[in-house]
Structure formats: structure tokens, C-alpha cells
Peer 1: 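After the C-alpha cells below, expect a handful of questions from me.
Values below: all heavy atoms of this structure, side chains included; hydrogens, waters and symmetry mates excluded. All residue numbers in this chain count up from 1 along the given sequence.
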Amino acid sequence: MTLKAIRRLVSDEDICARLAQAPHPRTGGPIFRTFRDLAVFAATVGFEQSRRRPLDGPTDVFVDGRIMERSDTAMDMVYLIGLAAERRQEILSDDPKEEDELAKIFEEYARGGLEVIAEWLAEDAADPNGDRALRSALQRGGYLDDARSAVESLDDVDF
């Protein structure tokens with residue numbers, strides 16, 4: 001499979017930069033080490049929250065397809081989300097139309113996930129870095145169990 005580039009809306013540039021480029025004062029690195037990590041997280045959140053949103057508006061490259069392909073985990077998520085959304089195994093074929101559809105599905109769930117993440121960040125506007133807002137939302141949603149409730153930073157959580 002040759003995955004095309006995963007796109008995002010230009011209007012999502014700020015949230016993506018905040019989460020995957022801006023250094024956190026405690027760690028010196030961004031919350032998400034790569035845009036690929038952020039894209040996979042966002043698509044997973046979008047799928048979990050049933051937020052599939054079309055990319056209506058100007059877009060740019062979120063993650064180059066070759067970078068996605070270098071991660072088995074990322075590609076597994078592209079396949080799983082596509083298969084779960086379409087509920088037909090043909091979506092996993094090497095047909096270029098199906099490959100384009102897989103990328104489109106992943107982009108749309110990532111877009112929906114970024115929308116959810118933006119809502120989480122807005123709930124804790126006093127959190128300049130976003131890690132506290134994300135951690136709180138994950139705990140409220142039951143995604144971090146009691147054993148993980150003592151997590152102080154998202155650096156302690158593997159995505």
C-alpha cells in the first residue's frame with residue numbers, strides 16, 4: 001500500500017502546533033512527539049466520539065503518507081478505523097480507490113478528533129500547554145483507570 005498524505009484543515013494549524021511543536025516547560029518537548037502521533041490520537045478520539053467531519057475548507061499536509069507507513073501502529077490504526085467505519089473488508093485491498101478512501105476516512109476522524117480536543121482545551125483555558133486539559137478529559141471519559149489517575153503529565157501516558 002502507498003498511503004497518500006494525510007491532510008488537515010489549515011484552520012487546525014494552531015492546535016496542531018500547540019500539541020505537536022510547542023515545547024512544554026517541564027519536559028522541553030511537545031506533548032505529542034510527532035504530528036503522526038497527534039493524527040493517530042485525534043483520529044482515535046474522533047472515532048470513539050463518533051465525530052467524523054469532512055475537510056471542508058483549505059487543507060494542507062498533516063502527515064506525509066511515507067511517514068505514516070513507517071509506523072506499524074499508525075498504519076494499523078488507519079486500517080482499523082477504516083474497517084470499523086466501512087464494515088467491509090474490501091477497504092483493505094490494494095485498489096488505489098480503496099487506499100484513497102482509507103486516507104479520507106482517517107482524515108475525517110482526525111478532523112473530528114481535533115474538534116473534540118479543541119473543546120477539551122477550551123474547558124481549561126487556564127492551561128497554556130494543554131496537557132492538564134487532555135489528562136482531565138481522558139480521566140473524565142474513563143480512558144485512564146484509577147491506577148493511572150495519579151498521572152501528573154501526559155509524558156507518563158503512551159499514545
Peer 1: May I have the step-by-step check of side chain to side chain contact (heavy atoms under 4.5 Å, CB included) for Leu3 and Glu99, ending in yes or no?
Peer 2: CA-CA 7 Å; Leu3 189 68; Glu99 291 172 357; 5.8 Å; no
Peer 1: Measure the spacing between OG1 of Thr2 and CE of Met68 and express it to the nearest 0.5 Å.
Peer 2: 14.0 Å
Peer 1: Considering only heavy atoms from C-beta outward, does the side chain of Arg53 approach that of Leu9 to under 4.5 Å?
Peer 2: no
Peer 1: Could you report the tightest heavy-atom contact between Pro23 and Gly28, atom names first, then the distance?
Peer 2: CB-O, 3.4 Å
Peer 1: Show the numbers, then the answer: is there a side chain to side chain contact (heavy atoms under 4.5 Å, CB included) between Phe106 and Val63?
Peer 2: CA-CA 11 Å; Phe106 186 83; Val63 183; over 6 Å; no
Peer 1: Do the non-hydrogen side-chain atoms of Phe35 and Ile6 ever get within less than 4.5 Å of each other?
Peer 2: no
Peer 1: Are Val10 and Leu114 co-members of a hydrophobic cluster defined by side-chain heavy atoms under 4.5 Å apart?
Peer 2: no
Peer 1: Quick one: are Leu121 and Ile15 in side-chain contact, heavy atoms under 4.5 Å?
Peer 2: yes
Peer 1: Within the structure provided, determine whether Pro30 and Gln21 are in side-chain contact (heavy-atom separation under 4.5 Å).
Peer 2: no
Peer 1: How long is the span from the CZ atom in Arg7 to the CG atom in Asp12, to the nearest 0.5 Å?
Peer 2: 12.5 Å
Peer 1: Below 30° counts as parallel, above 60° as perpendicular, anything between as tilted: where do the rings of Phe47 and Tyr109 land?
Peer 2: perpendicular
Peer 1: Atom OG1 in Thr44, atom CD1 in Ile81: separation rounded to 0.5 Å?
Peer 2: 4.5 Å
Peer 1: Using modelled atom types and a 3.5 Å cut-off, is there a donor and acceptor pairing between side-chain atoms of Glu101 and backbone atoms of Ile91?
Peer 2: no
Peer 1: Measure the spacing between CD1 of Ile31 and NE2 of His24 and express it to the nearest 0.5 Å.
Peer 2: 6.0 Å
Peer 1: Can a salt bridge be assigned to the pair Glu98 and Arg88 using a cut-off of 4.0 Å between side-chain N and carboxylate O?
Peer 2: yes
Peer 1: For the residue pair Ala42 and Ala110, what are the closest heavy atoms and their distance?
Peer 2: CB-O, 3.6 Å
Peer 1: Report yes if the side chains of Leu134 and Phe32 come closer than 4.5 Å at any heavy-atom pair, otherwise no.
Peer 2: yes
Peer 1: With a 4.5 Å limit on heavy-atom distance, are the side chains of Arg111 and Arg8 in contact?
Peer 2: no
Peer 1: With a 4.5 Å cut-off on side-chain heavy-atom distances among I, L, V, M, F, W and Y, is there a chain of contacts connecting Leu80 to Tyr143?
Peer 2: yes
Peer 1: Just how far is it from atom CG of Asp37 to atom OG1 of Thr34, taken to the nearest 0.5 Å?
Peer 2: 3.0 Å
Peer 1: Is the shortest side-chain N to carboxylate O distance from Asp64 to Arg66 below 4.0 Å?
Peer 2: yes
Peer 1: Hey, does Arg52 have a side-chain heavy atom less than 4.5 Å from the side chain of Ile105?
Peer 2: yes
Peer 1: Taking atom NZ of Lys4 as the centre, does the number of heavy atoms from other residues, nucleotides or ligands within less than 6.0 Å exceed 12?
Peer 2: yes
Peer 1: Could you note down all residue pairs passing side chain to side chain donor-acceptor pair (under 3.5 Å) where residues 116-130 supplies at least one of them, sequence neighbours left out?
Peer 2: Arg51-Glu119, Glu123-Arg140, Asp124-Arg132
Peer 1: Same cluster or not: are Leu55 and Val45 linked, directly or through other Ile, Leu, Val, Met, Phe, Trp or Tyr residues, by side-chain heavy atoms under 4.5 angstrom apart?
Peer 2: no
Peer 1: Distance check, rounded to the nearest 0.5 Å: Glu90 atom CD versus Leu83 atom CG?
Peer 2: 10.0 Å
Peer 1: Would you say the side-chain atoms of Arg36 pair up with the backbone N or O of Ile67, donor to acceptor, closer than 3.5 Å?
Peer 2: yes
